[in-house]
Amino acid sequence: MNFMKNKEVRNAIMIGGLCSVSYLAVYFARNILGAVTPRMIEGGFTTEYIGSVSSLYFIFYAIGQLINGAVGDKIKARYMISLGLIFAGASTVVFRSFSHLPQISRIAYAMTGFFLSMIYGPMTKVVAENTAPIYATRCSLGYEFASLIGSPVAGLAASFMAWQSVFTLSSGVLFVMGGLCFVVFMTLEKKGIVQYNRYDRPKSGQTGGISVLIKHRIVKFTLISVITGIIRTTVVFWLPTYISDYLGFSSEKSALIFTVSTLVISLTTFIAIFIYERLGYNMDKTILLMFSVSALCFMGVYTAKHPWVNIVFMVMAIMASGGAATMLWSRYCPSLRDTGMVSGATGFLDFVSYMAAAASSTIFANAVSVIGWGRLILVWFTIMVTGVIVALPWKIHKPKTAQ
């Protein structure tokens, strides 16, 4: 194919492909607990216990994003990504082996979250600094798709394997990908395909740090990160339980429905970029549209009584919210390249996203028994309405986003 003769395209495919496969392993690992929750509950584990485990995971993942995002601006992606995958695999082994000991298993799963947080910031930085902007968007689109496809892969494994075996498989995948990333990144570095700190320095006299990020609207996108994080992380995590508990499907059918649903949700990134391009590459209009559609769909979830119609509205609501998240991670974060803080800023945004997810995971778990699923759906609707308000064009003049 002629386009493969273009050196920039070939390099972008190699870098983006490696990052996408690595991120698929990350999201396969992090979606397993949600996928096997119905079976674990059948095996004697409580909803409160699983909620506490997931909350600790999100907290440590969030803190890790804040720390490792900043560290990722200083240390090569080869070390950050490969060691993060390997250590996460080891922590998963401990969780699987000591699941009957609550304190040890909680700590082990929390550390899995911390080690997996070593991946995203450095990965976004290496893509932003070693590919042209248009290819950086395509690369980030690839690993955002991988993050979404991780859910159905986890659901598929949960449908055919015992929950203990799924965790064993996950740890093996993480070990293999960790070793592969180290070798491939080292090769790309030796060939000069991957280099570090390749960006245009700020002009003389221009202040750096938080002031530069504020000019890049970091406050608005922090709020968007919180809102989308609750839906893409917590709501998706509890989706198998919602399907079995609220809609009345068996645990086996719930796992299968979850797999199919998340497979459809994995198309979100492509749909979001298609709409973004149809709207004239306007990121703000795309985000506003996505939040609006998601709010309407959550209202559909609340009113729909037929289980299958309910699931359709739920999937559409999650996809629409995910479309706003795609703009955040695939367009906004790579656009920060010339600030020299891609990894740190991305890590911070992921930090606030998962801190919100950690808090909401515990709240949602307790809310089910207190207010019921119906009123909890109204809470999700309210969150999306908040997203609409945040996405409104409050400023008349905005910097134009590069295509």
Side-chain angles (χ1 to χ4, degrees), residues 27 30-31 33-38 41 47 50-51 54 145 147-156 158-159 227-272 275 289-326 356-357 360-361 363-365 367-369 371-388:
Y27 266 76
R30 56 151 293 176
N31 279 293
L33 183 60
V36 302
T37 290
I41 291 174
T47 303
I50 295 175
S54 66
F145 170 73
S147 71
L148 293 172
I149 203 71
S151 293
V153 171
L156 188 63
S159 299
I227 293 166
T228 57
I230 292 173
I231 304 301
R232 77 187 181 107
T233 302
T234 311
V235 174
V236 172
F237 175 85
W238 288 108
L239 187 56
T241 307
Y242 170 84
I243 294 170
S244 62
D245 188 17
Y246 184 63
L247 299 182
F249 291 96
S250 66
S251 60
E252 291 78 12
K253 279 192 175 181
S254 296
L256 183 59
I257 294 170
F258 175 73
T259 300
V260 175
S261 298
T262 49
L263 186 61
V264 175
I265 291 170
S266 67
L267 301 175
T268 296
T269 51
F270 301 106
I271 295 172
I275 293 173
L289 174 63
M290 293 298 177
F291 278 141
S292 300
V293 172
S294 185
L296 291 174
C297 289
F298 271 122
M299 182 53 64
V301 173
Y302 178 74
T303 56
K305 303 304 179 184
H306 192 283
W308 292 109
V309 176
N310 190 285
I311 291 171
V312 169
F313 274 119
M314 177 66 80
V315 170
M316 291 175 62
I318 293 172
M319 289 181 72
S321 176
T326 295
S360 60
S361 183
I363 292 171
F364 292 171
V368 170
S369 58
I371 65 175
W373 284 106
R375 291 182 180 177
L376 184 57
I377 294 168
L378 289 179
V379 172
W380 298 340
F381 164 76
T382 304
I383 292 172
M384 287 300 97
V385 171
T386 304
V388 172

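- Looking at heavy atoms from C-beta onward, I231 lies in side-chain contact with M384 at the 4.5 angstrom threshold.
- Closest heavy-atom contact between A304 and F313: CB-CD1, 4.0 Å.
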Evaluation steps, side chain to side chain contact (heavy atoms under 4.5 Å, CB included), between W373 and V301: CA-CA 11 Å; W373 284 106; V301 173; over 6 Å; no
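- Distance CE/M319 to OG1/T269: 9.0 Å, rounded to 0.5 Å.
- A donor-acceptor pair is defined here as one N or O able to donate and one able to accept, closer than 3.5 Å; such a pair exists between the side chain of S266 and the backbone of L263.
- Put simply, the side chain of F381 does not reach to within 4.5 Å of the side chain of I377, judged on heavy atoms.
- Two residues are said to be in side-chain contact when any heavy atoms from C-beta on lie closer than 4.5 Å; W308 and V312 fail this criterion.
- The backbone N or O of A317 lies less than 3.5 Å from a partner atom in the side chain of S294, making a donor-acceptor pair.
- For F291, the ring-ring contact (aromatic ring centres under 6.0 Å, His included) criterion is met by no residue, not counting sequence neighbours.
- Panel note: side chain T326, backbone G322; a donor-acceptor pair is recorded below 3.5 Å.
- Nearest approach of V293 to A320, heavy atoms of both residues: CG1-CB, 3.9 Å.
- The distance from atom CE of M314 to atom CG of L247, rounded to the nearest 0.5 Å, is 7.5 Å.
- For the pair M290 and I275, the minimum side-chain heavy-atom distance is below 4.5 Å.
- In plain terms, the two heavy atoms of I230 and A356 that are nearest each other are CG1-CB, 3.9 Å.
- Here the straight-line distance linking atom OG of S292 with atom CG of L289 works out to 6.5 Å at 0.5 Å rounding.
- Of the possible polar contacts, one joining the T259 side chain to the G155 backbone as a donor-acceptor pair under 3.5 Å is found.
- Expressed to the nearest 0.5 Å, how far CD1 of I311 lies from CD1 of I243 amounts to 5.0 Å.
- Two residues are said to be in side-chain contact when any heavy atoms from C-beta on lie closer than 4.5 Å; T37 and P240 fail this criterion.
- We find the OG-CG distance between S360 and L376 to be 9.5 Å, quoted to the nearest 0.5 Å.
- Within the 3.5 Å criterion, the main-chain N or O of I318 finds no donor-acceptor partner in the side chain of S321.
- Across S244 and S254, no two heavy atoms sit closer than the pair CB-OG, 3.0 Å.
- Looking only at distances, a side-chain donor or acceptor of N31 sits under 3.5 Å from a matching main-chain atom of Y27.
- Taking a 6.0 Å sphere around OH of Y246, one finds it holds more than 12 heavy atoms contributed by other residues, nucleotides or ligands.
- Interatomic distance, CG of L267 versus OG1 of T262, reported as 10.5 Å (0.5 Å rounding).
- Contacts classified as salt bridge (charged side-chain N to carboxylate O under 4.0 Å, His left out) and involving residues 228-238 (residues at least two apart or in different chains) are given here: R232-D350.
- Across G323 and T268, no two heavy atoms sit closer than the pair N-CG2, 3.4 Å.
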